[in-house]
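So the structure is just underneath, and the comments pick up after that.
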Amino acid sequence: MDDELAEITAFVASIPPFDLLSEPLLGKVVREIDICYLRAGEHLSSADTENPQLYLVRKGALRYLAANEELTGKYCDGDVCSIFCQKENITTPPCTVIVDEDALVYRLDFIALKALLIDAPEAIEFLENSSEQRLQSKKKKLSEDAIVSSSTSHTSVADFYHYPLATISPSASIQDAAIKMTDKEVSCLVVVDEMSQFEPSSDAQLGIITDKDIRRRCVAVGLPISNQVSDIMTLDVATIDIKCSAYDALIAMTSKHIHHLPVTKFGKLEGMVSTTDLINNEEHNAVNMTSIIHKASSISELVRVSKLLKKLQLKLTKLGANADHIGKSISAITMAFTLRLIEMAEQKLGPAPVPYAWLAAGSQARQEQLAHSDQDNALIICDTMKPEDDHWFEELATFVSDGLAECGFIYCPGDIMATNKKWRKPQKKWHQYFDLWVDKPTAKALLNSSVFFDLSTIYGDVSLLENVRQKMLAKTQSSTLFIAHMSANALRSRPPLGFFRDFVLIQDGKHNATLDLKHNGIAPIVDLARIYALSEGIAAVNTVERLTQCSGTQSLTKASAENLIAAYEFLTSVRLEHQGNQLREGQSVDSYIDPKAISKLEREHLKDAFKVIKAMQDYRQSAVI
Amino acid sequence: MLFLNSLFGYEARRKRLLNKVPQGALYDFLSVPFPSESTALSDLSIVSVDFETTGLNAATDKLLSVGYVSIDKLQIKLSSCYHQIIHIAPQLEQQNVIIHQITDQQKSQGKSLQVVVETLLKALAGKVMLVHYAQIEKHFLKQACIELYGVSPPFMILDTLAIEKRKLDQRNIAYDPQKLRLSTLRHTYALPNYFAHNALNDAIATAELFLAQQKSYGITLKELL
């Protein structure tokens, strides 16, 4: 149009969603503005529900007060106040808006604005939608971006697997297997019961046999090739459903260090997917890295590989993989390090005196680890252990824990490690621990031990932990006192209210200079997910899985689950981007973000995420009382 | 001043002139009564005006551009904003051109003084005019009316500079006259900086300053004049 109002136009254009508008449209919007000068203490009109108004703060400050006089936000230069325009608030605004410092505001009649922006519905949606709705669309956009830049994440196993599946009976000879593999040009056969050769269900699967098995377990040890396939097959093989993402297959293979995964469709064996299939389709080296780790013969070699971990995180971030996938990749690699160290320790110390399992706790157990977080681990040992056996386990723990530290996984500051005698106990002691925590929960004990409610087995006898978990979940489900204590604990870390100028605004109107994304954003969601899972007796430990599985239960409505997942995914994506920048600059990574570095649009989304968390925490709090 | 106002009050002068001028823009302007001096500020219709000129002398210098915006019920209505370059004779455009950042191209799009003044009169009818430092706008507008109509009508003028000066004078302490400049005063009142100086931006800047100056919106027009 013209640039007579260039400064006002530039100001409006810097505020989302007006940044989306074309120049002519923006010019029209600017000419709809009424400039008002409001005095401290004045209330912004909320009574006029017929004519909702939108306010852009040019200078000064506004304060949002909830019905109970609680401060819920502060808005200043460059902020948009759309509270009266949000669909859900039109009739009953959730708070009053009071002028905090004399303010020059640009006011827009929302109905007139809507008419003007009829061809820019995304701008109106941004103003009209609730925090929850905006987060959902942000989440959708994040995953769309991921589709564009990453391939395995959003393609299903169906796009990669081999068909038909080559099977063999367990009684066939090893030579028959080798002939069949050569004929069919495959490197792996699924061993199935002869009876079910035609419609093999996953139950019929007895094991698999790979050419590596023939090499290592037959030829190398001089086993006659006339022996049965069942003599050398690998038992108890995992399978993957055809609907899973290729990424899930990759993670399953990476964490178990296997290269073939039978694919099932409606429970029937359908085909086979191999790591080569996936790697060829993705410039992705998590699998290569675990493979190098597995082959490493010394700690110094492991240390060398560990230096690549940060690069891998950066690369995955660049590829656009989402936080869930990156957390799973990094956790799988940490698992590979741990496994290799345990193998080395067993070589050095001789076999374990009794069965045991090496457990990961915290973020590694949840598969939410990022490069070089601290180590949280524990040992659960078979009850048959004798007191003198502990010496072996102590040496194992020390060897692995020191090795991990050398690889950059710092010792747990809270001493939650298998080297601590307290966390290196027979199974019966673990039963007692959980009984005590659940029956006599004190806030302090739980603060220290909530990490143990997120456990997974890295190595060893899986049943040791699963027995403890089953018993524990049966208890937590019915213990309202325990859940109340967990909730009280979780409510200690509150999300900020938002931003005020270049500060983070926290409760009671106080300011923080930096945003602690981990403790004030991500951790509260992780805590909530844990509470829902323990209340519902759900065994999953990964946050998104917990929320997904709890969705629609008494603890968590479907809509709330979706909102929390969207908030979680957004916050973790911000953290990854932040760490990506730090890694690029060669700095050490953290989760502290300078508000000055956060764009206006990102601030809006962060506020939305905080609001979702706060709403769920408040709901929990009322449930506790 | 009080004596003069009662004798030659705005309304008296308006009515007297209305009988003298022929039909046209000035007649239309004069047909609308001025607001009563007892009108509360919050009910007042104001037009904030700014002129860019070639100099300070209304007799020899020329009007370059006019900008205005109206204030209704204490809200500055950007929908009402107006900005127009005036077409002037080429020999007069030597000086000041850089200050006002008016380019040759813009000048070629200029309208005649008559068109611009008539638009302004239409906007001002029945309203109060707001300016920062009234001397310029008052004298140039008077001069333009004499040139176009042979008479100068009365204008009800509020002056943000005069309002501030009165405040400072009441405190009876010496002050730097620089403090009364529009940009300095905006800074004093914590209003945002603005950089693009043209007649419209200055009119908006003056309007914002005026709103910020008012401690109470209950006062009447009489107290402001």
- Message: Need one label for A/Ile8: side chain, backbone, both or neither, based on atoms under 4.5 Å from any heavy atom in chain B.
- Response: side chain
- Item | OH/A/Tyr592: more than 12 non-hydrogen atoms of other groups inside 6.0 Å | no
- At what distance, to the nearest 0.5 angstrom, does CD of B/Glu208 lie from NZ of A/Lys59? 11.0 Å
- Item | Selection from B/Ala199, B/Ala190, B/Ser79, B/Ala212 maximising heavy-atom pairs under 4.5 Å formed with chain A | B/Ala212
- Query: Can you tell me if CZ on B/Arg181 sees more than 12 non-hydrogen neighbours from other groups inside 6.0 Å?
  - Reply: no
- Measure distances from A/Leu104 to the heavy atoms of chain B and classify the residue's part below 4.5 Å as side chain, backbone, both or neither. side chain
- Message: When you compare the side chain of B/Ile204 with that of A/Leu5, does any pair of heavy atoms fall below 4.5 Å?
- Response: yes
- Item | Side chain proximity check, A/Asp34 to B/Leu78, heavy atoms < 4.5 angstrom | no
- More than 12 foreign heavy atoms under 6.0 Å from NZ of B/Lys77: is that the case here? yes
- Query: Got a sec: does the CD1 of B/Ile146 have more than 12 other heavy atoms crowding it under 6.0 Å?
  - Reply: yes
- Query: Given side chains that start at C-beta, do those of A/Arg31 and B/Cys81 come closer than 4.5 Å, heavy atoms only?
  - Reply: yes
- Heavy-atom side-chain contact between A/Ile35 and B/Gln75 under 4.5 Å: no
- Message: Tell me if the NZ atom of B/Lys179 is crowded by more than 12 foreign heavy atoms within 6.0 Å.
- Response: no
- Item | Spacing of CG belonging to A/Asp102 relative to OH belonging to B/Tyr189, to within rounding of 0.5 Å | 11.0 Å
- Does NZ in B/Lys167 sit with more than 12 non-hydrogen atoms of other residues, nucleotides or ligands closer than 6.0 Å? yes
- Message: A quick test of your reading: do over 12 heavy atoms of other residues, nucleotides or ligands sit less than 6.0 Å from CD1 of A/Ile118?
- Response: no
- Based on non-hydrogen pairs under 4.5 Å, which of A/Glu101, A/Arg58, A/Arg39 is most in contact with chain B? A/Arg39
- Message: Is any side-chain heavy atom of B/Leu191 closer than 4.5 Å to one of A/Tyr37?
- Response: yes
- Item | chain A contact via B/Leu200 - which portion, at a heavy-atom distance below 4.5 Å | side chain
